[in-house]
Amino acid sequence: MGVTRSGVRSAVVVNPAKLDDPDELRAVLDKALAKAGWPAPAWYETTREDPGQGQSKAAVEAGAEVVFACGGDGTIMSCASGLVGTEAALAVLPSGTGNLLAANLGLSGDLAAGIAVAVEGGRRRLDLGLVKSRDEDRWFTVMAGMGFDAQMLGSTSESTKARIGWLAYIFGGLKHLRDRPMRISVRIDDRPPMRRRARSVLIANVGRLQGGVRLFKEAEPDDGWLDIAILTPRTLGHWAVLIGGVLGGRRRVPRMETYRAHRIQVTSNRPQPRQMDGDVIPAGRVLRVEVRHRAIWLCVPRPESADDLAHDADAAAERGERLMRRAAE
């Protein structure tokens, strides 16, 4: 899919709590889109009750072909949920701290690149993960997890994130390095359950974590698979070796088992913290996830078929800066 014509109808779903000056963003985006030949976008604000799903659905019903999600991971995840089953494309304008999907696009904190990627027309179908539960099914774009990763996110204060960005998560994680492991049963597709004592289970749609660290080297965004990591460190030494292996890009990382699946269920002997795309969700004993192949359209840097979503992101940023300069003239 490519959007190469002018006059594309768009909408912006914005989390006002994540912006210092929403009026400035609106003025900049309106000018940039006008320079690209697009009409002025419709604007929607998220609320505590609806962080983006309802707004993105309303935007599509009003005729939007591209929906800009401007906020943190929660806003982007909610907007993506509202676009499932539609032909509208999601465009990411990151303004939070973690911005997991933006990191996988190579667009963290770069407004100009986000706009350029949308107007240039690179589109790609993105798989989504679906967390199944009795109360409510939830979609995620990048990653869900149980255990240490959710503890780390829950222990990181908003004030620290505001001061030092994604590095704040390191300090949140240090508080839990010595916590006891989970006793879990892991069932992958229709295979027999595996029993482990683990600190964390990560279930990923694409491969990058906060800070651009690539955990899954072979993860692709539209291959119909989820990538799974079971982390089993028991000592500080184990943590050091594991982290060193991930940062060093080793294919086999000590204290980390990896698998691929269409469906996975993780069951713990006690309730555990859980997270989706960097947002903590209620604790529970079970994390049940399945993949939805090619669930939404996503605006991506060109070329649209590269394995890595971030391919050409630096060049897109340069083109975006040129577009912004022309719009300001």
Side-chain angles (χ1 to χ4, degrees), residues 1-96 99 101-102 105 107 109-126 128 139 141 277 279 295-301 316 319-320 323-324 326-329:
M1 179 183 180
V3 179
T4 55
R5 68 191 189 284
S6 62
V8 176
R9 298 178 66 183
S10 64
V12 183
V13 178
V14 60
N15 181 350
K18 296 291 185 179
L19 298 177
D20 294 328
D21 192 342
D23 292 336
E24 181 182 2
L25 171 67
R26 184 165 189 162
V28 169
L29 188 56
D30 283 355
K31 288 180 181 178
L33 293 182
K35 195 68 176 178
W38 291 24
W43 287 77
Y44 300 82
E45 289 192 356
T46 65
T47 64
R48 185 180 297 275
E49 295 75 24
D50 189 341
Q53 183 173 357
Q55 292 88 340
S56 60
K57 285 183 176 180
V60 174
E61 290 171 359
E65 300 165 84
V66 173
V67 176
F68 291 91
C70 184
D73 289 315
T75 304
I76 293 168
M77 181 173 60
S78 295
C79 288
S81 300
L83 298 182
V84 174
T86 77
E87 290 299 304
L90 175 69
V92 177
L93 296 179
S95 61
N99 293 126
L101 183 56
L105 286 165
L107 303 179
D110 196 331
L111 175 64
I115 296 172
V117 165
V119 301
E120 288 176 351
R123 303 289 185 265
R124 186 165 180 175
R125 279 286 189 184
L126 180 73
L128 292 182
W139 299 95
T141 59
D277 279 1
D279 274 9
I296 63 169
W297 285 107
L298 178 68
C299 297
V300 299
R319 296 191 296 270
L323 174 64
M324 301 283 273
R326 292 198 302 271
E329 294 174 354

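Looking at N15, its side chain never comes within 3.5 Å of a backbone N or O of T75 through a donor-acceptor pair. When atom types are taken as modelled, the side chain of R9 and the backbone of V60 share no donor-acceptor pair closer than 3.5 angstrom. In this structure, R123 contributes its side chain and A118 its backbone to a donor-acceptor pair below 3.5 Å. Although no hydrogens or angles enter the test, the distance criterion places no donor-acceptor pair under 3.5 Å between the side chain of Q55 and the main chain of C79.
At least one side-chain heavy atom of C70 sits less than 4.5 Å from a side-chain heavy atom of L25. Counting only heavy atoms from C-beta outward, the side chains of D277 and I76 never approach each other to under 4.5 Å. Residues V67 and L83 form a side-chain contact, since some pair of their non-hydrogen atoms from C-beta on lies under 4.5 Å apart.
The only member of L90, V300, L298 that meets side chain to side chain contact (heavy atoms under 4.5 Å, CB included) when paired with L126 is L298.
Residues E87 and R125 are paired through a salt bridge, judged by an N-O separation under 4.0 Å between the basic side chain and the carboxylate.
From S81, atom OG reaches atom CD1 of I296 across 8.5 Å, with rounding to the nearest 0.5 Å. To the nearest 0.5 Å, the span separating CG on D73 from CG on D279 amounts to 6.5 Å. One finds the SG atom of C299 at 12.0 Å from the CD1 atom of I115 (value rounded to the nearest 0.5 Å).
Heavy atoms from other residues, nucleotides or ligands lying under 6.0 Å from CG of D20 number 12 at most.
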